[in-house]
Amino acid sequence: MYATLIIFLLMVPGFVVVGVYLERKISAFIQDRMGPMEVGKWGLLQLIADLLKLLQKEDIVPKAADKWLFLGAPFVIFAAVFAAYAVLPLAPGLSGSGAAVGVFYLLTIVSVDVIGILMAGWGSNNKYALFGAMRSGAQIISYEIPLGLSILCVVMLNQTLDLQAISFQQGIYSPEPVYLFGLKDLGVDVTQMGGFLSWNIVRNPFLFLAYIVFFIASLAECNRAPFDLPEGESELVGGFHTEYSGMRYALLMLSEYGMMLLVSLLGAILFLGSWNTPLPNIGPLRLADWTSGEPGTWLGYLTGAFWLLTKALLAVLVQMWVRWTLPRLRVDQLMFLGWKVLTPVGLVLFFVSGVWRLLGV
Amino acid sequence: MNTTYLPSDFLPIIVQFVLAAAFIVVTMIVTHRIGPIRKSKKKDDPFECGIEVVGDARTPISVKYFLVAILFVLFDVEVIFMYPWAVNFKKLGMLGFVEMVLFMTLLLAGFYYIIRKGVLKWEE
């Protein structure tokens, strides 16, 4: 149980190192540049150098700032993002907390992040920081509603809030029989076939649309482009972290990348079959059995973690691709998308999922 | 898989908070040890692109942000209420679904009112 926590403790900073490097290389590729090339081979050590530099920098607190709010904000933001990893499963039998309210807890923790951002913005006593924090707060809370609605569709299907239980239901180790498209009347039992056929997005095809809503909302929750207007440098310098310097700034960046990985993992767990293999068993071709180990064995841990992390990293790559492709939205467009497009779409999906579930049983 | 849920399931969450706090404290101690500390009048001013600071940052902010926050409280509480219902969705069956649709219709009437009132119009 605690082994998972240790793994996540190492994985989150590890992901930041890989993620920032990837982001710089991908942005360079998209813009036809080289990206970091100087430090180490292909610039591989660039981020290590950056972190060492940030560690040596002075921790500046502006005189006008509200000192305790200013100093406490990175604490709150980082702790909120990091503690969210406690309920995520990594492989069958390998999850930090088995709390029954996993999904609930995650939604709560995401909201705590907003408090940290508002603390940073108000505490800085800087106009840019305040505007950035206000926009960020409005954005995150607006997109939490479509996010909550899309997750609700999954909970309706799986009948549990425990993320590990949700994971088990989406593959060959499911405790209950899984029917194709979640419809019992079709009479196709895919429990033994597993693979992508028992993923949530196939068990209820409308969940694919819900995943798109989830993905867009999660981009906004991370303050990622095209929703990065809280820190839009062309108008707000750095947004809520304008006044931060040195390691405190690094902590905020660490939280941002941690959040990216968190929502990608969550999306993979809820919609894309969690740690289950995408390959189904077809007759004598036991692809699902070959690519996933029994729960509780070392092979099970390794294959489970491999599939989950692969799915999550693919989602992260899409997040980066979106960032370097789409231009930033305006505030009114952002609010329009959140309240008048995604929220009604989320409600319709919620209704349709309910009907689908009732047809299924 | 976990079949019984105990209060001790929440322990890892606390451990995770402690780990996060410990990580921050350690990095902060290190950075204060090896980083310089130099004070000057200009450096401690709030950043305003290098020009003289004008007034205070604690100015009134557009009321729209406040309205959005209030709307969020309404809608988020509603979404949170729906989770326990969704977990028992299968057990409640058709009747539970119809009841929830009724509840949602009432709520959406309010949503329609809000939109017609122009609360979510940002152009003005």
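Proteins get letters first, then strands, A, B, ... in listed order; numbering begins at 1 in each.
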Within a reach of under 6.0 Å around NZ of Lys67(A), are more than 12 heavy atoms found that belong to other residues, nucleotides or ligands? no
Side chain, backbone, both or neither of Leu108(B) within contact of chain A (heavy atoms, under 4.5 Å): side chain
For the CG atom of Asp76(B) and the OG atom of Ser111(A), what is their distance to the nearest 0.5 Å? 6.0 Å
Go through it in stages, so that I can follow the logic: the residues are Leu149(A) and Met82(B), the test is side chain to side chain contact (heavy atoms under 4.5 Å, CB included), and I'd like the CA-CA distance, side-chain angles, deciding distance and then a yes or no. CA-CA 9 Å; Leu149(A) 284 171; Met82(B) 269 146 70; 4.1 Å; yes
When you look at Leu157(A) and Phe89(B), which way does the side chain to side chain contact (heavy atoms under 4.5 Å, CB included) test go after all the steps? CA-CA 8 Å; Leu157(A) 178 62; Phe89(B) 183 73; over 6 Å; no
For residues Met156(A) and Val87(B), determine if any side-chain heavy atom of one lies less than 4.5 Å from a side-chain heavy atom of the other. no
Mind checking whether Phe97(B) and Phe351(A) have side chains closer than 4.5 Å, heavy atoms only? yes
Determine the minimum heavy-atom distance between Met100(B) and Phe350(A), stating which atoms define it. CG-CZ, 4.1 Å
Toward chain B, the part of Leu251(A) with a non-hydrogen atom under 4.5 Å: side chain
Polar side-chain atom of Tyr83(B) near backbone of Gly148(A) as donor-acceptor pair, under 3.5 Å: yes
Turns out that what part of Tyr85(A) lies under 4.5 Å from chain B's heavy atoms comes down to both
Can you tell me which of Arg33(B), Met28(B), Met94(B) forms the most heavy-atom pairs within a distance under 4.5 Å of chain A? Met28(B)
Which atoms of Ile151(A) come close to chain B, meaning under 4.5 Å heavy atom to heavy atom: side chain ones, backbone ones, both, or neither? both
Between the side chain of Thr31(B) and the main-chain N/O of Met247(A), is any donor-acceptor distance below 3.5 Å? no
For Phe66(B), is the CZ atom crowded, meaning more than 12 foreign heavy atoms sit under 6.0 Å from it? no
In terms of heavy-atom pairs under 4.5 Å with chain B, which of Ser142(A), Ser124(A), Ala83(A) leads? Ala83(A)
List for me each residue that meets side-chain contact (heavy atoms from CB on, under 4.5 Å) alongside Val110(A), sequence neighbours excluded, and say none if there are none. Glu144(A), Glu221(A), Met259(A)
Distance-minimising heavy-atom pair for Ala79(A) and Phe17(B): O-CE2, 4.0 Å
Side chain, backbone, both or neither: which part of Ile61(B) has a heavy atom under 4.5 Å from chain A? side chain
Against chain B, work out which of Gly354(A), Pro344(A), Ala250(A), Ala138(A) has the most heavy-atom pairs shorter than 4.5 Å and name it. Gly354(A)
Pairwise side-chain contact, Phe104(A) with Ile80(B), heavy-atom cut-off 4.5 Å (strictly under): yes
CZ (Phe131(A)) with more than 12 external heavy atoms under 6.0 Å: no
Can you tell which of Val68(B), Leu19(B), Ile115(B), Val30(B) has the highest number of heavy-atom pairs within less than 4.5 Å of chain A? Val68(B)
Counting only N and O atoms by type, is there a donor-acceptor contact under 3.5 Å from the side chain of Gln159(A) to the main-chain atoms of Lys90(B)? yes
Might you confirm whether atom OH of Tyr65(B) has over 12 heavy atoms from other residues, nucleotides or ligands at distances under 6.0 Å? yes
Heavy-atom closest pair, residues Thr27(B) and Leu55(A): O-CD1, 4.2 Å
Measuring heavy-atom distances to chain B, does Arg135(A) have an atom under 4.5 Å in its side chain, in its backbone, in both, or in neither? both
Using non-hydrogen atoms only, which part of Val355(A) is less than 4.5 Å away from chain B: side chain, backbone, both, or neither? both
Which pair of non-hydrogen atoms, one from Ile141(A) and one from Phe72(B), has the smallest distance, and what is that distance? O-CD1, 3.1 Å
Contact winner vs chain B - Leu130(A), Leu152(A), Asn126(A), Ile145(A), heavy-atom pairs under 4.5 Å: Leu152(A)
Engaged part of Val12(A) at the chain B interface, taking heavy atoms whose separation is under 4.5 Å: neither
Let me see the working for Phe78(A) and Phe23(B) under ring-ring contact (aromatic ring centres under 6.0 Å, His included), right down to the final yes or no. CA-CA 10 Å; Phe78(A) 182 78; Phe23(B) 179 79; 5.3 Å; yes
Which heavy-atom pair separates Ile24(B) from Pro74(A) by the least distance, and what is that distance? CD1-O, 4.3 Å
Closest heavy-atom contact between Ala21(B) and Phe75(A)? O-CE2, 4.3 Å
